[in-house]
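Within every chain, numbering begins at 1; the chains are lettered A, B, ... in the order of the sequence lines, protein sequences first and strands thereafter. Quick caveat: nothing in here was measured; it's all calculated off a predicted structure.
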Amino acid sequence: MSHNPTDMPASKTGADGHEVGRRYDHQAAETKWRAAWDEHKLFETDNDAPGEKYYVLEMFPYPSGRIHMGHVRNYAMGDVVARYRRAQGYNVLHPMGWDAFGMPAENAAMKNKVHPAKWTYENIATMRGQLKSMGLAIDWSREFATCDVDYYAQQQALFLDFLDKDLITRKNAKVNWDPVDMTVLANEQVIDGKGWRSGAEVEQRELTQWFFKITDYAEDLLQSLDGLDRWPEKVRTMQANWIGKSRGLQMNFELTEPTNGFDGFDIYTTRPDTLAGASFMAIAPEHPLAKALAKDDAALAKFAVDVRKSGTSAEELERAEKLGYDTGLRVKHPVKPGETLPVYVANFILMDYGTGAIFGCPAHDQRDHDFARKYDCPIIATFVPMDQDGEPNAFVATEPFVPAKTENVRWINQPAGVEKATGQEAIDATIDWAERQGLGSGQVQYRLRDWGISRQRYWGCPIPVVHCDTCGVVPEKKENLPIVLPDDVDFETPGNPLDRHPTWRDCICPKCGGAATRETDTMDTFVDSSWYFARFTDPKAPEPTTKAANDWLAVDQYIGGIEHAILHLLYSRFFARAMGEAGHLNVKEPFAGLFTQGMVVHETYRDGEGNWIEPADVEIRVDGNERFAFDPAGGKIEIGSIEKMSKSKKNVVDPDDIIERFGADTARWFMLSDSPPERDVIWTEAGAEGAHRFVQRVWRIVSEFAVTDVSTSGEMAKPTKTALDLRRSTHKAIAGVTDDIEKLGFNRAVAKIYELVNTLSSTLKTDALAGDTSLKIEGRQSILSLLSLIAPFMPHLAEECWSIMNGSNMVAQARWPVYDPALLKEDEITLPVQINGKKRADVTVAADADKATIEAAALALDAVQRALDGGQPKKLIVVPGRIVNVVV
RNA sequence: GCGGAUGUGGUGGAAUUGGUAGACACGCCAGAUUUAGGUUCUGGUGCCGCAAGGCGUGGAGGUUCAAGUCCUCUCAUCCGCACCA
């Protein structure tokens, strides 16, 4: 077969009446094969089907309006895994749903006067269509949206069960309050101290809120990270840091003179070994002692209010000065009898960590150092670096700040009775010592806070409790569920529409039967996404989960963005535990395998006035290795940095356009090529065209071969060397691609598919095939294997090619090809021969040649003889199967 | 400040246990073709050099017969967390 179009047997037609040489029509083929999969219900999963289970899940999308390239990448990866596992004979669960509650729907309601439900469901309809056009092997029969009453009804049932198991509490907490929108904002929605939407100065308010007691599981959530060996190290580290476990000493400092009922207060420190360096005490403005003092001290009261007015953003904290207010109180120094320390109220002390009070050690803590400099407290070092020569106190006099590293230090000041230890031992020894002295006790602290889930929002899952004047806060009865959101709400005024609904709040107290009012707060949308993966296993069940959840979970492969490394994944891990406690699940870790994929990024373009320009309006011209951009009128466009696709920078490529122009297969292929999946991928026009050319190339090779007459079953041809080589290459590709998909190395799998296609292209030429029956047979086999390998990536193209090759059924029903390990080994191998570590020649020997044979062959080489110049090698290293190194 | 990555041609990136650096792709160069359908095919392409040869995985050292890979130091970029005691 030749690739010259002139040689093409134009009159012939392939199977399926396909005209050979015609270009691959992606639109026709993709529509046809999606319909065929649907018709056979190929991807609908039966919970009781035979075969080992495999649950593959991509993080479900928020129905924002349209899918973007990030979705395409995410779902293409998941689909490769799903189709690959299916072909291997697993019973695969690969569902899709919608994370459908949340603020954007309400914002749209306010802006466009459209009901959040209508907006959301219309978006879902659009995006469902877009996802379907990708040809994903998804069981759409299990689809749900979290705003479906059926879903949130079960979530309310879960809430009641959690309440029953004491997994939920109601308490006061400080929240970011937007006074214009009249709602609580999450920390990430506060930008420079202002509401991200309203621009109003955010207030700190104390509100009564519902909390999930995630801190009860802090230790378990931390410990279990060790078992998550198919999670990225990075994510596990981030979660561990977020949980923030530390061990330290909690100890009491005694006031010289009791006041307001306090005769002292507790502090917490992770560095008790620096106790001798204490030079002042600091307590949070919200500390009970500070509050008590402020009652009789107007200046202190004002100080406490003032310091909390400043913003909470990281930058502001960075700039913020250390501020203190001297209370005039003094405490006894616990290790220096007779000495006392001043007590300050300070702005940099947080009430909700430790005890809200510290001892300041300016010599070893930067913040304490800054404070001491300002308020003139002494700086007392307890150690100096080990490599510090000379008199330690002289060193300390010139270098008052010594970083608090625990290793390699020389002690100059330690509490009496503590052994001269270093590092963690010194800390542990001091804690032991303090316990013996009755000064305090070892304590474990976590940074993790309970999860506040109350939101003053309409578009969320109503919290199923009522407020009764007689009975207080009463859980709703299960038989009264679901508490359904009312439809008739208005968004004319800011705040929560549920609050001002004329009738929705009215209800009967489940306890006393009297008139009561409903809770109008709804749940944080992270609650919705904390158990959806369990619901997919039996999405229509009249209870949250059934036995199916235990059968299917954990998710074998979860794929999504790194941005959910902490919140969503930590909340879901908590939920699995809480659901276990409430009897709904017996799998503790919901995601056995996690993969975090990189973003899709694109160049940015700006015109002379600095306006962002869309890629579609930019023409790229290439001159050598330089690229230049122009607008349609020929005006110069500046090519800017490569950034995440965003509407504001207009560097967005719409998946619909790409799928229409090139087809879903091209989009999928490009998303999986080149870049390692965990890294960002740069979308380029040239790359997309390249992927499309490959689609056409595969089609050309297969469709040209398809007309070859392979009906030679009568004569069993002995395979020629060409045929055997092709077989070898094919089996190598099967082995490589299989291994790469197992490891989610899609870019490497793609490269190996390219190699096989290159081999097929150069091997299956018309003249070669003409006289070689065995090559025809081998070629057919090889192409069928290739199509199986391609199918997870480009399923439509693979089906179309499979059909013209007269493959049985559909490739989506075919088993994954197996390779013969014997064929991976070559008969003869070529070893590199190095002289002094530099490659100078090759030697070809039998694959199973022994050391002596290889040595002799290598020494006989001209290049080696020349280098030896008649002498003997100093050393001769032979690694069979690897390399020969001659040292002269 | 704490924690975690990453660094390889013009570009994206390959490279089991240390064993041929640059697979595969994009781009580029040259050539071929009765070039319709965002062509196709052949060859070339790390750098310097006419060549022999030399140099080459952010930089500097080291271990080794052999280092992208191991060790020490260092630079740069990115990400996460953060007045967390």
Quiz prompt | Whichever of A:Ile349 and A:Gln696 has its nearest RNA chain B nucleotide further upstream toward 5' | solution = A:Gln696

Practice problem: Using both distances under 3.5 Å as the test, list the Watson-Crick or G-U wobble partner of B:rG31, or none. | Solution: B:rC41

Exercise. For residues A:Tyr325 and A:Tyr344, establish whether the separation of their ring centroids is below 6.0 Å.
Key: no

Quiz item: A:Tyr446 has an atom OH; how far is it from atom C1' of B:rC81, in whole Å?
Solution: 19 Å

Quiz item: How many Å lie between CD1 on A:Ile562 and P on B:rG4, as a whole number?
Solution: 15 Å

Self-check item: Pairwise side-chain contact, A:Leu341 with A:Phe253, heavy-atom cut-off 4.5 Å (strictly under)
Solution: yes

Please list each protein N or O that sits under 3.5 Å from an N or O in nucleotides 52-55 of chain B, with the distance.
from, atom 1, to, atom 2, distance (Å)
B:rG54, OP2, A:Arg840, NH2, 3.3

Quiz item: Distance only, no hydrogens: is a donor on one side chain within 3.5 Å (strictly under) of an acceptor on the other, for A:Thr759 and A:Ser729?
Solution: no

Quiz item: So, are A:Lys743 and A:Asp739 salt-bridged, with charged N and O less than 4.0 Å apart?
Solution: yes

Practice problem: Tell me, please, which residues at least two apart from A:Ala357 pass side chain to side chain contact (heavy atoms under 4.5 Å, CB included). | Solution: A:Phe265, A:Ile267, A:Ile283, A:His287, A:Thr355

Practice problem: Look at the side chain of A:Gln366 and the base of B:rG1, then say whether one donor and one acceptor between them are separated by less than 3.5 Å. | Solution: no

Self-check item: Proximal nucleotide (of B:rG80, B:rC41, B:rG27) relative to the A:Arg700 side chain
Solution: B:rC41

Self-check item: Length of the line joining A:Leu323:CG and B:rC83:P, which is rounded to integer Å
Solution: 16 Å

Quiz prompt | Ring centre gap for A:Trp699 and A:Phe705 strictly below 6.0 Å | solution = no

Quiz prompt | A:Arg447 side chain, from C-beta outward: closest of B:rC41, B:rC81, B:rC83 | solution = B:rC81

Self-check item: Test side chain to side chain contact (heavy atoms under 4.5 Å, CB included) applied to A:Asp368 - qualifying residues, sequence neighbours left out
Solution: A:Phe280, A:Phe348, A:Ile358, A:Cys361, A:Asp365

Practice problem: Can you tell me, in whole Å, how much space there is between the C1' of B:rU39 and that of B:rU34? | Solution: 14 Å

Quiz item: Does B:rG59 sit syn or anti, given that only angles within 90° of 0 count as syn?
Solution: anti

Quiz prompt | Atom C1', compared across B:rG54 and B:rC73: separation rounded to whole Å | solution = 29 Å

Exercise. Please check if any side-chain donor atom of A:Asp450 sits under 3.5 Å from a side-chain acceptor atom of A:Thr215, or the reverse.
Key: yes

Practice problem: Taking atom C1' in both B:rG1 and B:rC55, compute the distance separating them and give it to the nearest angstrom. | Solution: 42 Å

Quiz item: Which one, B:rA25, B:rG38, B:rA23, comes nearest to the side chain of A:Tyr754?
Solution: B:rA25

Quiz item: For the side chain of A:Leu350, counting heavy atoms from C-beta on, which of B:rG4, B:rA85, B:rU40 is nearest?
Solution: B:rA85

Close N/O contacts between protein and nucleotides 12-15 of chain B (under 3.5 Å):
from, atom 1, to, atom 2, distance (Å)
B:rG12, O2', A:Ser675, OG, 3.1
B:rG12, N2, A:Asp674, OD1, 2.9
B:rA14, OP1, A:Asn747, ND2, 3.1
B:rA15, OP1, A:Arg748, NE, 3.4

Quiz item: Aromatic ring centroids of A:Phe670 and A:Trp683 under 6.0 Å?
Solution: yes

Quiz item: Whole Å only: how far is the NE2 atom of A:His26 from the C1' atom of B:rG37?
Solution: 13 Å

Exercise. Would you list the pairs meeting salt bridge (charged side-chain N to carboxylate O under 4.0 Å, His left out) in which at least one residue belongs to residues 681-697 of chain A, sequence neighbours left out?
Key: A:Arg661-A:Glu685

Quiz item: Can you check the A:Arg882 CZ to B:rU17 C1' distance for me, whole Å?
Solution: 8 Å

Quiz item: Between A:Lys752 and A:Glu755, does at least one N-O distance fall below 4.0 Å, as a salt bridge requires?
Solution: no

Exercise. Could you work out which one of B:rG37, B:rG27, B:rG19 sits closest to the side chain of A:Val879?
Key: B:rG19

Quiz prompt | Atom-to-atom span, CZ of A:Arg271 to C1' of B:rA85 - whole angstrom | solution = 11 Å

Quiz item: Which part of the nucleic acid, if any, lies within reach of A:Glu685 when heavy atoms closer than 4.0 Å are counted: base, sugar-phosphate only, or nothing?
Solution: base

Quiz item: How far does the C1' atom of B:rC41 sit from the matching atom of B:rA21, given to the nearest Å?
Solution: 30 Å

Quiz prompt | Interatomic distance at C1', B:rG27 relative to B:rG22, whole Å | solution = 16 Å

Practice problem: Could you check how far CZ of A:Arg236 sits from C1' of B:rC81, rounded to whole Å? | Solution: 18 Å

Quiz item: Salt bridge between A:Lys245 and A:Glu219, side-chain N to carboxylate O under 4.0 Å?
Solution: yes

Quiz item: How far does the C1' atom of B:rU8 sit from the matching atom of B:rG68, given to the nearest Å?
Solution: 7 Å

Self-check item: Pairwise 5' ranking along RNA chain B for A:Gly687 and A:Arg697, keeping only the more 5' one
Solution: A:Gly687

Identify each atom pair where a protein N or O and an N or O of nucleotides 62-69 of chain B are less than 3.5 Å apart, giving names and distance.
from, atom 1, to, atom 2, distance (Å)
B:rC65, OP1, A:Lys875, NZ, 3.3
B:rC65, O2', A:Asn885, ND2, 3.2
B:rC65, O2, A:Asn885, ND2, 2.7

Quiz item: Mind checking the P distance from B:rG43 to B:rG38? Whole angstroms is fine.
Solution: 25 Å

Quiz item: If the P atom of B:rU69 is compared with that of B:rG61, how far apart are they to the nearest Å?
Solution: 14 Å

Practice problem: Give me the ring orientation class for A:His564 and A:His568: parallel if the planes are under 30° apart, tilted from 30 to 60°, perpendicular past 60°. | Solution: perpendicular

Quiz item: Within the pair A:Arg367 and B:rA82, is there a side-chain N or O less than 4.0 Å away from OP1 or OP2?
Solution: no

Exercise. May I ask you to say what A:Asn758 touches in the nucleic acid, namely base, sugar-phosphate or nothing, with a heavy-atom cut-off under 4.0 Å?
Key: sugar-phosphate

Quiz prompt | A:Thr382 and A:His364: side chain donor to acceptor below 3.5 Å | solution = yes

Quiz item: Whole-Å distance between B:rU39 C1' and A:Tyr24 OH?
Solution: 19 Å

